[in-house]
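Heads up, the thing below is written out as structure tokens.
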Number of protein chains: 2
Amino acid sequence: MAKLDFSPIADTTRRAEIVALLRRAILTGQLEPGQKLNELRISEQMRVSRAPLREAMRELVQEGILTSIPYAGTFVINVTAKDIDDAYSLNKVLDEFAIERTWKLRDQRFFDELDRRHEAVKQATRDRDTTRQIETALQLHGLIHEWADNSVLLETWQRLTSRLQMYFALHQQARKEAVPAEDVHETYVALLKGNDMRAAQRHAREHIDLDFEELLSYARDLEKRPSKGG
Amino acid sequence: MAKLDFSPIADTTRRAEIVALLRRAILTGQLEPGQKLNELRISEQMRVSRAPLREAMRELVQEGILTSIPYAGTFVINVTAKDIDDAYSLNKVLDEFAIERTWKLRDQRFFDELDRRHEAVKQATRDRDTTRQIETALQLHGLIHEWADNSVLLETWQRLTSRLQMYFALHQQARKEAVPAEDVHETYVALLKGNDMRAAQRHAREHIDLDFEELLSYARDLEKRPSKGG
DNA sequence: AAGAAGCAGATTGTCGACAATCTGACAAGA
DNA sequence: TCTTGTCAGATTGTCGACAATCTGCTTCTT
């Protein structure tokens, strides 16, 4: 028998597909923060019964991008300036930890993957595909968390990522302006390839701060306007 | 009208109660790691239909203490030495962050609550109630995370706590011996009341290491024996 | 005896219908 | 006018039944 490692077969349950669909709709901002999800309407649109839809929604509630009030409904979470602040300050800590853990595990495969993801960001930037730009940038950023060989860290970061992606999408949607065309990740990638771990950690921290300030200013704008939820 | 702030009414859905029941069963070790949860059997025992039970299980899957394989079943997660290692190393980082954030927010209410929880641990210790001892110790430990005024941190810590509590319960169950009767939290509490933040952070880190070593030795024992799951 | 094919039982995934609860409008009374 | 009671419509929560899938055994073939 040939030595092949097959990847797991895709989940063939409706539930899994619904989760993916809903998550995408939320993270891309198609479903607005605070908006209520009507079970009957959605299940009819998707041609699915309410049972798998409800199970899917339960998952997304635990994932932190939906919130549920018994007998009232399930809503897309509201984004406050404090939420963003909280997420980012924790993210800094996780990044530092991830870099420390990843550092000794870096090898050629790591560097190759780093370049591959960096290239994906640059491609999305050239294509002016802002949604994809957000996705790829987060994937580039996530490599250190995947490589750190700590399942709990990875899981935690993925939960954070959901929100960050949502925040970025809203930001981009609100501003309706192209995200910076130049490449802001060049230094980050270079430092991850280098020999000064502290410098890489420091840069990650500062690098995050830049994006963060922009996001915060957007979030503060948001709070001056009425929202659809509580 | 009198100025009273009422606390939210308890969730009255079956789903919420099922979640609580199942979580408790898992965290106290009544449901063993790797064990399969038969939906029909459980729903009959609880006198509930499978719909709310399945939704509850979906929540616990996302919470990280159950794992689901389509068309095969839902199982209690298996505890490996690496899982414990991962959880603890991340916990150290979170603790340091939590202490830093909490530090400036400490007030009389904080100190009172700290004492209250410390007292609860001592009471459970006197009662030789090991399960409660685990619960209260984790609650004492959790105060800095609750006080840090960062919802994402708190959420993350609560997810970690579930696993830690499960690990501790298994540990205690396997050893069948009383946990240390003396009070190991005295220094911790004192430092949190003091003025040297760095010292508090350092102690939290070392304090965790102690429990950790014991847990790891247990986990390594576990892996030499057959388990019920994959 | 070893392996493949097929069947039966058990279990999970999904469906449609019913029950419980909430929301908002409207009417009655102070 | 303001509050309170009532009710209809809409929506969520729950149920029982059916469909899809898996597992292990049996049977058949070589």
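Within every chain, numbering begins at 1; the chains are lettered A, B, ... in the order of the sequence lines, protein sequences first and strands thereafter.
- No side-chain donor-acceptor contact under 3.5 Å links R15(A) to the backbone of A56(A).
- In this entry the distance linking OH of Y71(A) with P of dT21(C) reads 5 Å, nearest Å.
- Among the candidates F110(B), F111(B), W157(B), the single residue satisfying the ring-ring contact (aromatic ring centres under 6.0 Å, His included) test with W147(B) is F110(B).
- Atom P of nucleotide dT14(C) and atom CD of E17(A) are separated by 9 Å, given to the nearest angstrom.
- When the P atom of dG13(C) is taken as reference, atom CG of N38(B) falls 12 Å away, rounded to whole Å.
- When only modelled atom types and interatomic distance are considered, D95(B) and H145(B) share a side-chain donor-acceptor pair under 3.5 Å.
- Checking the phosphate oxygens (OP1, OP2) of dC15(C), a side-chain nitrogen or oxygen of R14(A) falls inside 4.0 Å.
- No donor-acceptor contact under 3.5 angstrom links the side chains of Q133(B) and D129(B), judged on distance only.
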Less than 3.5 Å apart, which donor and acceptor atoms pair up between the side chains of residues 62-71 of chain B and the rest of the protein, not counting sequence neighbours?
from, atom 1, to, atom 2, distance (Å)
E63(B), OE1, R23(B), NH2, 2.9
E63(B), OE2, R23(B), NE, 2.8
S68(B), OG, R58(B), NH1, 3.4

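- Using a 4.0 Å heavy-atom criterion, one finds that I18(A) contacts no nucleic acid atom at all.
- Rounded to whole angstrom, the span from the NZ atom of K36(B) across to the P atom of dT11(C) amounts to 7 Å.
- Between M57(B) atom CE and T74(B) atom OG1 the span is 3.5 Å, to the nearest 0.5 Å.
- Sorted by residue number, the members of residues 39-59 of chain B with any non-hydrogen atom under 4.0 Å from DNA chain C read E39(B), R50(B), R54(B), R58(B).
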